[in-house]
Amino acid sequence: MVKVELGGCSSFVKEFDYKEYVGKALAAFDVLESEKGAGNDFLGWKTLPVDIPESLIADCEAIKADWQKRGVDLAVVIGIGGSYLGARCAIEALSHQFVRPEGTIRIAFAGNNLSEDYLAELMDLVEQSNTACVVISKSGTTTEPAVAFRIVKDYLEKKYGKAEAAERTVAITDAKKGALKTLSTQEGYRTFVVPDNVGGRFSVLTPVGLLPIVLAGFDVRAMLKGAADERAELLKKGEKNAAVEYAAMRNLFYSKLGKKVEVLVNYNPKFQYLGEWWKQLYGESEGKDLKGIFPASVNFTTDLHSVGQFIQEGDRVMFETVVKVEKAQRSIVIGSDEQNLDQLNYLAGQHVEHCNAMAALGTKLAHIDGGVPQIEVAVEKIDAYNLGSIFYFFEFACGISAYVLGVNPFNQPGVEAYKKNMFALLRKPGYEAETEQILKRI
């Protein structure tokens, strides 16, 4: 279960102010649970941990087994935003950082940018591999994934033939409509449904996240169990509810102390993509109506040697949320050296993770002294169960926090602004008037 520790905030806030914001968070909890707030038609994520049928997991496993029989050793997962960040977070966290076990399917991600170099290098990998593809898009027309899928689809059909390419392609898309659904029906792709009532950034526990995680060889049943257990805890309304505590404190920092930047900190590089997933979750959910806390992330101790200077002594606009992992999975002990030229013999016999923990504690004290409050969000260890728990915790807390802020957590109207300009500049049919207007500005 996720635990929230607020001791690093106590010197910055008054007790009565915190109580006020706990009250606001509890009221927002009621709005979320009543399902009568803004965006209430996108609350399907709330029950996903207990709603996902065993048959869906079995279908994911069947695709993995089929592809392994075909010799597939690379699955290209095509999607952008919530269509890939949750899966990438889980796979990066659970994978060995340097070695891919023999006989497993490697996952490569595409469709999350428009870099020609990236796509060309991806195709270098595809050409060296026995490849299959998962394409994730509600509409099938979002530019970044559509471009990547067109290129990968063309390659698969030329190399394997249309019939075999279809067996190597899975689409995760709308149940009834859209370009990708139409193509899937025409080509005979196996499909999974993106639920209508689950937005992309809340979709990690749908087939959007579950299929890639299964293909990579990880235990989604344990992940769903962790999310279900976390859900059971968070449904217990009260001042000590972890999501209420987190939402209350971060909104207090924002509204009372002018802390407009939240920095998500990890001390384990396996959680780098947790920061990327979290930034989308909170950035798209809260950044609207000229409101919102700007989400940033850092990897410590690495970034203590870069942006650590700014965090320590720069503009006091930020607070930190540290994701603390209580137990390392592996064991490495520092040895003794007769010459001791590096002057590390005082650490001989210590576990490296002990040094990491002391670095975290030392940083906490220094940053608090420097005027940076710190929230801690703790999990026992990095495994599928605890990942499910932390995914659900941040999603639930996000709903509460956005309602405290007074915005709809489940829409993202601002995302469309760049697309209109891009389509006009690319001279997409139907955007002629916009093209003329933009050409006058540049």
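We use all heavy atoms of the structure for the numbers below, so side chains are in, but hydrogens, waters and symmetry mates are not. Quick caveat, the model's predicted, so the values are computed rather than measured.
- Results of the side-chain contact (heavy atoms from CB on, under 4.5 Å) test with Thr206 over Ile136, Asp51, Leu211, Val198 single out Val198 as the only residue that passes.
- Residue Phe202 is tested with Phe410, Tyr392, Phe42 for a ring pair (Phe, Tyr, Trp, His ring centres under 6.0 Å); the sole match is Phe410.
- Geometric assessment of Arg168 against the ring of Tyr160 yields a positive cation-pi assignment under the 6.0 Å and 45° thresholds.
- When atom types are taken as modelled, the side chain of Ser115 and the backbone of Tyr118 share a donor-acceptor pair closer than 3.5 angstrom.
- A salt bridge links Asp174 with Lys138: at least one charged nitrogen is closer than 4.0 Å to a carboxylate oxygen.
- The main-chain N or O of Lys420 is never found under 3.5 Å from a side-chain atom of Tyr431 such that the two would form a donor-acceptor pair.
- Paired with Asp66 under the rule side chain to side chain donor-acceptor pair (under 3.5 Å), one option of Gln68, Arg70, Lys64, Lys69 passes, and it is Arg70.
- Using modelled atom types, no side-chain atom of Lys381 and backbone atom of Gln329 make a donor-acceptor pair closer than 3.5 Å.
- The shortest side-chain heavy-atom distance between Val170 and Trp67 falls under the 4.5 Å cut-off.
- For the pair Arg250 and Tyr246, the cation-pi criterion (under 6.0 Å, within 45° of the ring axis) is fulfilled.
- Counting only N and O atoms by type, the side chains of Glu286 and Ser401 include a donor and acceptor under 3.5 Å apart.
- We find that Lys46 and Glu35 are joined by a salt bridge, their nearest charged nitrogen and carboxylate oxygen being less than 4.0 Å apart.
- Side chains of His367 and Glu320: a donor-acceptor N/O pair is present below 3.5 angstrom, by distance only.
- For the pair Arg150 and Asp154, the salt-bridge criterion is not met [side-chain N within less than 4.0 Å of a carboxylate O].
- A salt bridge links Glu326 with Lys3: the distance from a Lys NZ or Arg NE/NH1/NH2 to an Asp or Glu carboxylate oxygen falls below 4.0 Å.
- For Glu276 and Gln272, the side-chain atoms include no donor-acceptor pair closer than 3.5 Å.
- Taking every heavy atom of both residues into account, Asn411 and Arg201 meet most closely at O-NH2, 3.1 Å.
- With hydrogens and angles disregarded, no donor-acceptor distance shorter than 3.5 Å links the side chain of Lys364 to the backbone of Ala359.
- At a threshold of 4.5 Å between non-hydrogen side-chain atoms, the residues Tyr254 and Leu405 count as touching.
- Taking the charged nitrogens against the carboxylate oxygens, Arg221 and Glu54 do have a contact shorter than 4.0 Å, which makes a salt bridge.
- Figure legend: cation-pi geometry between Lys428 and Phe423, with NZ or CZ positioned under 6.0 Å from the six-membered ring centre and within 45° of its axis.
- The aromatic rings of Phe109 and Tyr84 sit tilted, their planes meeting at an angle between 30° and 60°.
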